[in-house]
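In what follows, every heavy atom counts, from backbone to side chain, and hydrogens, waters and symmetry copies are set aside.
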Amino acid sequence: MQPSVVSWYDSNASRLAGAYEAVPPIISRDWLTDLLPRPPAVVIDVGAGTGRDAGAYAAAGYEVIAVEPSSSMRSQAERLHQSPRIRWLSDSLPALTTVSRSGVAADVVSLSAVWQHVNPADRPRAFRKLVGLLRSGGLLVVTLRHGPDDGRGAHPVSLAEIEALARSHGMQVVRAVPSPNLQGRPEISWTAVVLRLPDDGTGALTLLRHLILMDAKSATYKLGLLRALCRAADGSAGLALEDGDDHVWLPLGLVALNWLRLYLPLAKADLPQAPGNRRGAEGLGFAGLGWQALEAGALSPLDLRVGAVIGETAACVLHEALREAADHIIRMPANYLTFPGGGRILETARARAPRPSGSLVVDGTFLSTFGSMRVPRHLWTAMQRFAVWVEPALISEWMRLMQGYAAAQGRTLSTGVMAAAMSWSDPVRDIAVPRARALAFMEDGTAVHCVWSGKRLAPDTLDVDHCLPWSAWPCGDLWNLMPSHRGVNQHSKRERLPSAVVLQRAEQAISEWWSAAYLRADERILPVRFTSEARASLPGLVSADAFGPREVHTAMALQRTRLRQDQGVPEWEGQP
C-alpha cells in the first residue's frame with residue numbers, strides 16, 4: 001500500500017469512523033451469508049479500517065485476524081470493537097509479510113473497499129499473497145469500488161481483472177454481484193466478488209507427493225532433508241527470513257541440527273540408510289569426527305534444540321557435527337532434489353562458521369553462521385500447514401526404503417524398532433525450571449497465581465501448564481509454561497487450547513509471570529533462552545526491535561489459531 005494512502009487514512013480516521021460504522025457489515029449481505037463457513041472459522045480481514053466487519057465477524061463467533069496499516073484507523077478499531085476473538089496486526093498489501101509469516105490458513109479472506117488502493121502493477125503479487133493465506137476450500141471476498149477518486153488514492157478496478165487473476169491462480173469465481181453505494185454517493189458503485197480455492201492452489205502438495213513417493217532415491221537422504229525442513233516449518237518457523245514473495249531463507253545450521261536429531265537414533269538402532277550401510281553410521285557421508293563424538297555421548301539429545309545453552313567443550317563438538325551435516329546436505333540431497341521437469345528446488349549458500357571460543361546459545365544467529373537454504377514459499381507454507389499429514393507420509397516411505405535395504409543385506413527389520421527410532425526426539429515434558437521458579441517465589445513470600453483462575457497457589461496446588469497443549473504441539477519452551485491450579489489444569493483445561501476469549505483474559509497474568517520468572521534483568525541465562533525459543537517457535541513474532549511480553553502474547557495467540565485451524569484441537573472456554 002502506498003505510504004500516501006496510509007497517511008490519508010491516518011489523518012482522517014476520526015472523521016471516517018462514524019460513516020464507516022453506519023454501513024451494515026459485509027457479513028450481513030445477502031450475496032455472502034449463504035456461502036460463509038460456520039463459526040468458529042478463521043477470517044482474515046485485510047484493510048480492516050475501523051473494524052466494522054471484523055467486529056461483526058467476531059460477534060458471530062468467528063475468529064478474526066484484522067490487518068490494517070493505518071495506526072489511527074487501527075486505534076479507532078480497537079476502541080470500537082474490543083473483542084478477544086480479534087487479533088489486530090499492522091500489515092499491508094501487496095507484501096502482507098506479517099500475516100503470511102504467521103502460517104495461519106484462513107477459511108475466509110476479506111477485502112472490503114481495499115482493492116482500489118492497490119497499484120495495478122502490484123496486483124498480481126497482491127493476489128498471489130491473498131491466495132496463499134487461504135486453506136483448501138477457502139473463500140476470497142473482494143468488493144470493487146467504481147467511481148472517481150476523492151483524494152485518498154484510488155485506481156480503476158474491474159471484474160475482468162479479478163476473473164483473469166482468479167483463472168491464473170486456479171480460483172473459482174463463485175459469485176459476482178453489482179451493488180449500490182450505501183453511503184448515499186450516486187457517483188460510486190460496487191461489485192462484490194466471491195472466489196473459492198479448490199485445493200491448496202500452489203501445487204506444493206502435488207510436488208511433495210512426487211518427491212516422497214515417486215522420485216528416485218539411492219539413500220534416505222532426500223527424505224531426511226524433507227523431514228528436517230518439515231520439522232523446521234512446524235517447530236522453528238520463526239527463524240525463517242522472507243526473500244520476496246516466493247521464497248524464504250532458513251539457517252543452514254537449523255536444517256543440519258534437525259538432520260542430526262533424525263539420524264542419530266537410526267544409526268544407534270543399526271537401521272540401514274543406504275544399500276551399503278550395514279552397521280551404525282558406517283559409510284554415511286556425514287558421519288565424521290563430530291558425529292562420532294555425539295554418538296559417544298558428548299551431548300544429550302535434549303541439547304540438539306534451539307534455545308539450548310552449550311558449554312565450551314560440547315560447543316566445539318556440536319560445531320563440528322553441524323559443519324559435517326551441512327556439507328553433506330549441500331553436496332547430496334539438496335543437490336539432487338529437483339522439480340519433475342528439472343531444476344533444483346533448494347538453493348544453498350554455504351558459510352564457514354567460526355569455531356566456538358566459549359559456551360554458546362543454539363539460536364538463529366549461531367545456526368546462520370553455517371550458511372542458509374532458500375526454500376520455495378509454497379513448499380514451506382504447505383509444510384507449515386500440513387506437517388501433521390506430510391510427516392507420516394515421509395516416515396512411511398523412509399521405513400519402506402530401510403526395509404528394502406535390509407532385505408538386500410539378508411536382514412529383517414522390526415517394525416516396532418523402526419517406529420521407535422523414527423519418532424522425533426522432542427524434549428520430554430520438562431517443567432523443572434518454571435516449577436522451581438514458582439516454588440522459590442512462594443518460599444520468599446511472593447504470591448504466585450494461576451494464570452487462568454487467578455487463585456493463589458501453594459506447593460500442593462501448583463501445576464505447570466502447557467498453554468498450547470503438548471498433545472497437539474510438543475513445545476516445552478519457557479513461554480509456553482505457566483503456573484496453573486492443579487484442579488484447573490487436570491480437571492478443567494486438560495489437553496485443550498485456551499479459547500481466544502480465555503487467552504486474552506489471561507494476558508496480564510501470563511505477561512506478569514513471564515516478566516517475573518524468565519525476564520528479570522538480573523538473570524543471565526533465562527532471558528536469553530526465553531527470547532531464542534520464542535523467536536524460533538513463534539513465526540508471528542516478526543519484529544527484531546519490539547520484543548516483550550505483549551509481542552510474544554500476540555504471536556502465541558496466532559499460533560493458537562493455527563493449531564485450532566490446522567489440527568482441529570478442541571478449545572477450552574474457561575471455568576463456568
Item to complete: Measure up the Y263 and F286 rings against each other and bin them: parallel (under 30°), tilted (30 to 60°), perpendicular (over 60°).
Response: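 Tilted.
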Worksheet item: Using 30° and 60° as the class limits, which term best fits the ring planes of W389 and F386: parallel, tilted or perpendicular?
Response: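 Because their plane-to-plane angle lies in the 30° to 60° range, the rings of W389 and F386 count as tilted.
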Closer than 4.0 angstrom, basic N to acidic O: yes or no for [X] and [Y]?
X	Y	answer
E282	R278	no
E63	R87	no
R323	D327	yes
R562	D234	yes
R128	D245	yes

Worksheet item: Looking at R496, K493, R560, which hits salt bridge (Lys or Arg N to Asp or Glu O under 4.0 Å) with E571?
Response: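 Only one option passes, and that is R560.
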Discussion item. If you apply the rule salt bridge (Lys or Arg N to Asp or Glu O under 4.0 Å), what do you find for R377 with D246, and how did you get there?
Written reply: CA-CA 5 Å; R377 179 180 292 281; D246 299 327; over 6 Å; no
Discussion item. Does any part of the side chain of Y221, heavy atoms only, come nearer than 4.5 Å to the side chain of W259, both counted from C-beta?
Written reply: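 With C-beta onward as the side chain, the pair touches.
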Fill in: Aromatic ring proximity, centroids under 6.0 angstrom, F370 and H319
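Ring centroids of H319 and F370 are less than 6.0 Å from each other.
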Practice prompt. Apply salt bridge (Lys or Arg N to Asp or Glu O under 4.0 Å) to the pair E397 and R227, showing each step before the final yes or no.
Written response: CA-CA 11 Å; E397 181 64 9; R227 194 175 177 205; over 6 Å; no
